[in-house]
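Order of listing sets the numbers, starting from 1, for every ligand and every atom in it. Excluded from the calculations below are hydrogen atoms, water molecules and symmetry mates; all remaining heavy atoms, backbone and side chain alike, are included.
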Amino acid sequence: MAAARGALAWPSELSPDSTVVLRSGHAMPVLGLGTWRSDKAALKHAVTHALSAGYRHIDCAIMYANEDVVGEGLAEALAGGVVSRASLFVATKIMPTQMHPGLVRPALEASLKRLRLGYVDLVYLHWPLRFVAAPSAFPVPPAERLGYDAAAVAETWAQLEACVDAGLVRSLGVSNFTCAKVAALEAAARLPVSVNQLELHPALAQRRVVEWHAARGIVVAGYSPLGSPARPPAFRHGDAEPAPLAAPAVAELAARHGRTPAQVLLRWALQRGTAPLPKSVTPARLDENLGALARGWALSAEDMEQIDGLDEGYRFSRGEDKTVPGQHWSELWADDDALPAAAVAASDAAA
Ligand code: A2P
């Protein structure tokens, strides 16, 4: 595999235009706009507002079923000269139903059409798990879920590599992959894994997982960086769930720094070398969230530790709607949960 090796070169000084160079050699803005479950009626304006405010990274997915609206916003901003294509970073994700021979390029071409772009900057495999190509229903019934198959992942990746060769995408990534699944893919891949997008917030800090990727130069992008406060009932697991945005430790830091709780959570993510992807369709919140990257403030090492103390390994997005019959959702993440510090160090030495 021709991956660039070495530790992640994360920017030491953060500013609204901070980027990180991916293993592909292309730069990615370190904070992006998430679009999962974005209200379609508000999304176009959210995109144009975000781009005017200074966002340069939009995180999409075919599964979110709203790329057409993102595309309208992108087209308007590009036509109006608000942003140039070269300064923009747009990502999308291949669905588990599309992880079959011959399906990837047509899926990406259809996505590009909806996004009104000639290429995207990054394509992720949305999950390491496959579904049948034409499910009878969504959510996909258990009998039509095919689970994890390293050979199927590698075959899909090879189709993505061909899309890079064809100029349809510049960098490749994965999402919801454990370290072991990333390692298995890399052993079979020609082009490097540039990014792994994972659920990340103080209640699920995944410290060893983040370190494992950083040692290899793989960027970890974080979804639900605010703790996904408006997630739907299907993603709730009782009434006593952690709420990082409302945590007293975060409120205390926000007051001390004259910032908001959301800015503190995002700054923590950025200063630990991860790329948060906060979702919002609210203009004032879009501005607020970008303020995490403002110059002139930073969390101290003690502040960072105060937030580190909120980690309880709590997963909101468990993947129970993607498991095969008889499989418990925890099996999807078990390799990482079992990742001992010694294993991280040992595999760092080998990297
Ligand atoms: P909205 O889109 O209505 O503004 P996450 O990225 O962790 O999944 O969180 C996204 C959720 O958090 C959305 O419901 C979003 O609401 C809300 N949100 C986004 N930014 C902020 C903020 N700065 N303060 C409070 N809630 C926010």
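- The main-chain N or O of Ser280 is never found under 3.5 Å from a side-chain atom of Arg285 such that the two would form a donor-acceptor pair.
- Counting heavy atoms from C-beta on, the side chains of Val153 and Met99 come closer than 4.5 Å.
- A heavy-atom distance below 4.5 Å is not found between the side chains of Ser175 and Trp127.
- Checking Gln159 against Glu155 by side-chain atom types alone, a donor-acceptor pair falls below 3.5 Å.
- Atom NZ of Lys113 has 12 or fewer neighbouring heavy atoms from other residues, nucleotides or ligands inside a 6.0 Å radius.
- When heavy-atom distances to ligand 1 are checked against 4.0 Å, the residues falling inside are Ser224, Pro225, Leu226, Gly227, Ser228, Pro229, Ala230, Leu245, Ala262, Pro278, Lys279, Ser280, Val281, Thr282, Arg285, Glu288, Asn289, ordered by chain and number.
- The shortest distance between side-chain heavy atoms of Leu277 and Leu33 does not fall below 4.5 Å.
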